[in-house]
Amino acid sequence: MQLYRDRKNLLRPFLLGVTLSYVAIDNIVTGPLRDYLSNYFELKEFGTNVREEYLYYLILFLGIFELVITLQSLFLPLIEIVEAKIVLRTKGRILSVIEDINLLQDINLSDDNHMEFIFQNEETHTVNVEDVSINDLENLIKLLKPREK
């Protein structure tokens, strides 16, 4: 069983990343947007102002970063159950957390859209399930509750 974020909610960050990347690249290579802006503002050649150059490189970095995060959320599941293991993507860890399902003690779904997984080794992992459908979460809880001891 795999739970993904809702694809509709990923459209806004994707468009934001594309827009930021386009604006930065367009201004770096003197594209049509920069030509249009030069009609209203006094813009010199790109690279003559160091602050402007750093600004557009920062905007380009933010746009690419937003695109990478969006594509990662599109293809990687938040929660995945494979055989006797559960794989969780949490904010606290860079890599996914892999635990044995038999060590799972309790699952709590809080009001602030976080699901808390408590394991026997006294580790607690919190997953943000804001963009996951309620039906999928209920099916996950039904699947994992009978395994509890």
Side-chain angles (χ1 to χ4, degrees), residues 1-101 103-104 106-119 121-141 143-144:
M1 176 177 208
Q2 297 176 338
L3 294 181
Y4 291 93
R5 286 193 170 105
D6 189 16
R7 304 293 197 261
K8 293 176 188 174
N9 294 338
L10 295 176
L11 183 62
R12 182 178 173 269
F14 177 75
L15 292 176
L16 179 66
V18 168
T19 303
L20 288 174
S21 299
Y22 172 75
V23 167
I25 291 171
D26 183 79
N27 279 288
I28 290 171
V29 298
T30 313
L33 179 63
R34 185 169 179 91
D35 291 338
Y36 177 75
L37 290 176
S38 65
N39 293 335
Y40 299 102
F41 302 107
E42 186 178 327
L43 296 177
K44 299 176 183 171
E45 289 293 321
F46 182 79
T48 57
N49 187 347
V50 177
R51 284 189 220 157
E52 178 190 18
E53 189 175 350
Y54 284 136
L55 173 69
Y56 285 116
Y57 285 127
L58 176 67
I59 291 172
L60 179 63
F61 170 75
L62 292 175
I64 291 173
F65 183 73
E66 190 74 31
L67 287 172
V68 167
I69 296 298
T70 303
L71 292 175
Q72 181 185 20
S73 297
L74 185 66
F75 293 112
L76 292 178
L78 280 176
I79 302 169
E80 182 178 15
I81 299 174
V82 181
E83 296 175 11
K85 302 281 184 185
I86 186 166
V87 180
L88 306 171
R89 283 185 54 209
T90 64
K91 274 189 169 181
R93 303 251 178 122
I94 295 173
L95 299 174
S96 297
V97 176
I98 301 172
E99 294 283 346
D100 192 12
I101 290 181
L103 298 178
L104 184 66
D106 195 17
I107 302 172
N108 299 324
L109 183 61
S110 64
D111 294 336
D112 59 346
N113 297 321
H114 287 81
M115 184 174 269
E116 194 173 71
F117 293 86
I118 303 170
F119 293 94
N121 55 5
E122 298 181 9
E123 284 191 24
T124 302
H125 301 290
T126 306
V127 177
N128 185 0
V129 292
E130 181 178 356
D131 298 332
V132 179
S133 74
I134 299 297
N135 293 334
D136 291 342
L137 293 175
E138 289 174 354
N139 291 338
L140 176 72
I141 292 172
L143 179 70
L144 293 178

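Index from 1, following the sequence. Note: hydrogens, waters and symmetry copies are ignored here, and every other heavy atom, side chains too, is used.
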When T126, V127, L78 are each screened for side-chain contact (heavy atoms from CB on, under 4.5 Å) with L88, the one that passes is V127
What one should report as the nearest heavy-atom pair of M115 and L137 is CE-CD2, 3.7 Å
d(L58 CG, R51 CZ) to nearest 0.5 Å is 15.0 Å
Here the gap from Y56 atom OH to I28 atom CD1, rounded to the nearest 0.5 Å, amounts to 9.5 Å
Smallest heavy-atom separation, L140 atom then I81 atom, equals CD1-CD1, 3.5 Å
Checklist entry - Do V97 and F117 have side chains that get closer than 4.5 Å, going by heavy atoms? => result no
Output for pair (I107 CD1, I79 CD1), nearest 0.5 Å, gives 8.5 Å
Closest heavy-atom pair, E83 versus I101, reported as atoms and distance to 0.1 Å, is O-CD1, 4.1 Å
- Query: Between E99 and L104, is a side chain to side chain contact (heavy atoms under 4.5 Å, CB included) present by the stated rule, with each step listed?
  - Reply: CA-CA 8 Å; E99 294 283 346; L104 184 66; over 6 Å; no
Can you label the angle between the F61 ring and the F65 ring as parallel, tilted or perpendicular, going by 30° and 60°? parallel
Output for pair (L71 CG, L76 CG), nearest 0.5 Å, gives 10.5 Å
Closest non-hydrogen contact found for I59 with L20 is CG2-O, 3.4 Å
More than 12 heavy atoms of other residues, nucleotides or ligands under 6.0 Å from OH of Y22: yes or no?
yes
Heavy-atom closest pair (A84 atom, D100 atom, distance to 0.1 Å) is O-OD1, 2.7 Å
So OG1 of T70 and CD of E66: to nearest 0.5 Å the spacing works out to 5.0 Å
Value for CG (L16) from CG (L11), rounded to nearest 0.5 Å, stands at 11.0 Å
Legend entry - Side-chain touch F14/V18, heavy atoms, less than 4.5 angstrom: yes
Heavy-atom check, side chain of L67 versus side chain of S21, under 4.5 Å: yes
